[in-house]
Amino acid sequence: MCLSVPSKVVEIHDDASITVDTLGVRRRVSSHLMAEPLALGDFVLIHIGFVMNKIDEKDAQLSLDLYQEIVEKMQMESM
């Protein structure tokens, strides 16, 4: 089972790669598999270094809020 955290496009490069921000961590990934163009600020889902699809900002934010809630609960349980 894979878990894909929404990532925000923060840079677009000439070689069909992009830099994304995933919960504060930036990394460069390939957008070669995407049929539609990506723009700065788009949210995407990534699998093994490739953008698999673009997602709606509202859906991305709902997922990010849920991940943050999970992290906070896990931190509280470990205290």
Practice task
State, yes or no, whether a side-chain contact exists between Glu69 and Asp65 at a heavy-atom distance under 4.5 Å.
Solution key: no
Exercise for the section: Answer whether the closest heavy-atom distance between the side chains of Val5 and Leu64 falls below 4.5 Å. Expected result: yes
Practice task
For the pair Asp15 and Arg28, evaluate side-chain contact (heavy atoms from CB on, under 4.5 Å) and give the outcome as yes or no after the intermediate values.
Solution key: CA-CA 11 Å; Asp15 62 353; Arg28 196 166 174 158; 3.3 Å; yes
Problem - Single-linkage hydrophobic cluster Ile55~Leu33, side-chain heavy atoms < 4.5 angstrom - result: no
Handout entry: Results of side-chain hydrogen bond (donor to acceptor under 3.5 Å, both in side chains) for Glu77 - residues two or more places apart only
Key = none
Completion exercise
So CD of Glu36 and CG of Asn53: to nearest 0.5 Å the spacing works out to 8.5 Å
Problem - Close side-chain approach of Val20 and Val44, heavy atoms under 4.5 Å - result: yes
Practice task
Would you check if Val51 and Leu38 make a side-chain contact, meaning some heavy-atom pair closer than 4.5 Å?
Solution key: yes
Practice task
Check the side chains of Thr19 and Arg26 for a donor-acceptor pair under 3.5 angstrom, ignoring hydrogens and angles.
Solution key: no
Completion exercise
Between Val29 and Gly49 the two heavy atoms that sit nearest each other are CB-O, 3.4 Å
Handout entry: Minimum heavy-atom distance Ser4-Tyr67, with the two atoms named
Key = O-OH, 3.3 Å
Practice task
Answer yes when Asp59 and Lys54 have at least one side-chain N-carboxylate O distance shorter than 4.0 Å, and no when they do not.
Solution key: no
Completion exercise
Value for CD1 (Ile18) from CG (Asp42), rounded to nearest 0.5 Å, stands at 8.5 Å
Practice task
Kindly give the heavy-atom pair with the smallest separation between Ser31 and Ala16, and that separation in Å.
Solution key: OG-O, 2.6 Å
Exercise for the section: State plainly whether one hydrophobic cluster holds both Phe43 and Ile46, where clusters connect Ile, Leu, Val, Met, Phe, Trp and Tyr through side-chain heavy atoms under 4.5 angstrom apart. Expected result: no
Practice task
Find out if a path of hydrophobic residues (ILVMFWY) with successive side-chain heavy-atom gaps under 4.5 Å connects Ile70 to Met76.
Solution key: no
Exercise for the section: Taking atom CD of Glu57 as the centre, report whether more than 12 heavy atoms of other residues, nucleotides or ligands fall under 6.0 Å from it. Expected result: no
Problem - Salt bridge present between Asp21 and Lys8 (N-O < 4.0 angstrom) - result: no
Fill in the blank from the handout: Besides Val10, the hydrophobic cluster formed by Ile, Leu, Val, Met, Phe, Trp and Tyr side chains linked at under 4.5 Å, directly or via other members, contains none
Exercise for the section: Check Ser7 against Thr22 and note the closest heavy-atom contact, atom names and distance. Expected result: OG-OG1, 2.5 Å
Handout entry: Side-chain heavy atoms of Leu45 within contact of Pro6, under 4.5 Å
Key = yes
